[in-house]
Amino acid sequence: MNLDLVRMGIRRSVVKKDTEYTVQTTTGANADDTKVWLCPHCNLQITKGTSHLVAWDSVRGVETRRHFHTACWKSFQGPLL
């Protein structure tokens, strides 16, 4: 088993309110020690080593990429700004 592929997470497509998103899980373990993300749904920080997911608008591309707590993504209805 290639552990690097497992650490990168599973990528899938999800449709919310007529917008297709690419969603990928991540452990957050490979981030720079100073890297902190802000979840756009709850506005709380996601720190290094916290499992979460990354989502981006499939049409507009990775420039729309945002990091979400897993539970927040389930509640999120879009759009990504």
Side-chain angles (χ1 to χ4, degrees):
M1 176 187 299
N2 185 337
L3 290 179
D4 289 332
L5 289 175
V6 172
R7 286 185 192 106
M8 284 191 328
I10 299 169
R11 187 178 290 190
R12 65 189 188 281
S13 292
V14 175
V15 176
K16 291 188 178 217
K17 291 206 175 185
D18 298 324
T19 301
E20 182 178 348
Y21 297 98
T22 301
V23 179
Q24 183 170 331
T25 58
T26 180
T27 63
N30 293 331
D32 181 301
D33 285 336
T34 62
K35 191 71 171 179
V36 176
W37 302 280
L38 189 64
C39 176
H41 188 70
C42 70
N43 294 314
L44 296 176
Q45 289 185 351
I46 303 171
T47 56
K48 179 180 178 176
T50 301
S51 293
H52 63 284
L53 58 85
V54 181
W56 59 93
D57 181 320
S58 297
V59 173
R60 294 185 295 152
V62 295
E63 302 81 41
T64 62
R65 181 179 62 230
R66 299 292 180 268
H67 295 253
F68 286 82
H69 295 105
T70 304
C72 289
W73 173 254
K74 291 177 184 176
S75 300
F76 176 76
Q77 291 302 309
L80 287 175
L81 303 174

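Reckoned from all heavy atoms, side chains included, excluding hydrogens, waters and symmetry mates.
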Show me the donor-acceptor pairs, under 3.5 Å and distance only, between side chains in residues 47-57 and residues at least two apart or in other chains.
unit_1, atom_1, unit_2, atom_2, d
T47, OG1, T50, OG1, 3.3
K48, NZ, A31, O, 3.2
K48, NZ, D33, OD1, 2.6
T50, OG1, T47, O, 3.1
H52, ND1, T50, O, 2.7
H52, NE2, H67, ND1, 2.9
D57, OD1, V59, N, 2.8
D57, OD1, R60, N, 3.1
D57, OD2, R60, NE, 3.1

In the hydrophobic clustering that connects Ile, Leu, Val, Met, Phe, Trp and Tyr at side-chain heavy-atom distances below 4.5 Å, which members other than W37 occupy its cluster, ordered by chain and number?
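I46, listed by chain and number.
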For [X], all residues meeting side chain to side chain donor-acceptor pair (under 3.5 Å), sequence neighbours excluded:
{"X": "S75", "value": "none"}
{"X": "S58", "value": "T22"}
{"X": "Q45", "value": "none"}

Could you grab the distance from atom CH2 of W73 to atom OH of Y21, nearest 0.5 Å is fine?
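Rounded to the nearest 0.5 Å, the CH2-OH separation comes to 6.0 Å.
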Nearest 0.5 Å please: distance from the NE2 atom of H69 over to the SG atom of C39.
5.5 Å
I'd like to know whether CG of N43 has more than 12 heavy-atom contacts from other residues, nucleotides or ligands below 6.0 angstrom.
yes
With sequence neighbours left out, write down each residue that passes side chain to side chain contact (heavy atoms under 4.5 Å, CB included) with Q77, or none if nothing qualifies.
K16, K17
Report whether L38 and F68 are members of the same hydrophobic cluster (ILVMFWY, side-chain heavy atoms less than 4.5 Å apart, transitive linking).
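L38 and F68: separate clusters.
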For T64 against L80, the heavy-atom pair lying closest together:
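Minimum heavy-atom contact is O-CD1, 3.5 Å.
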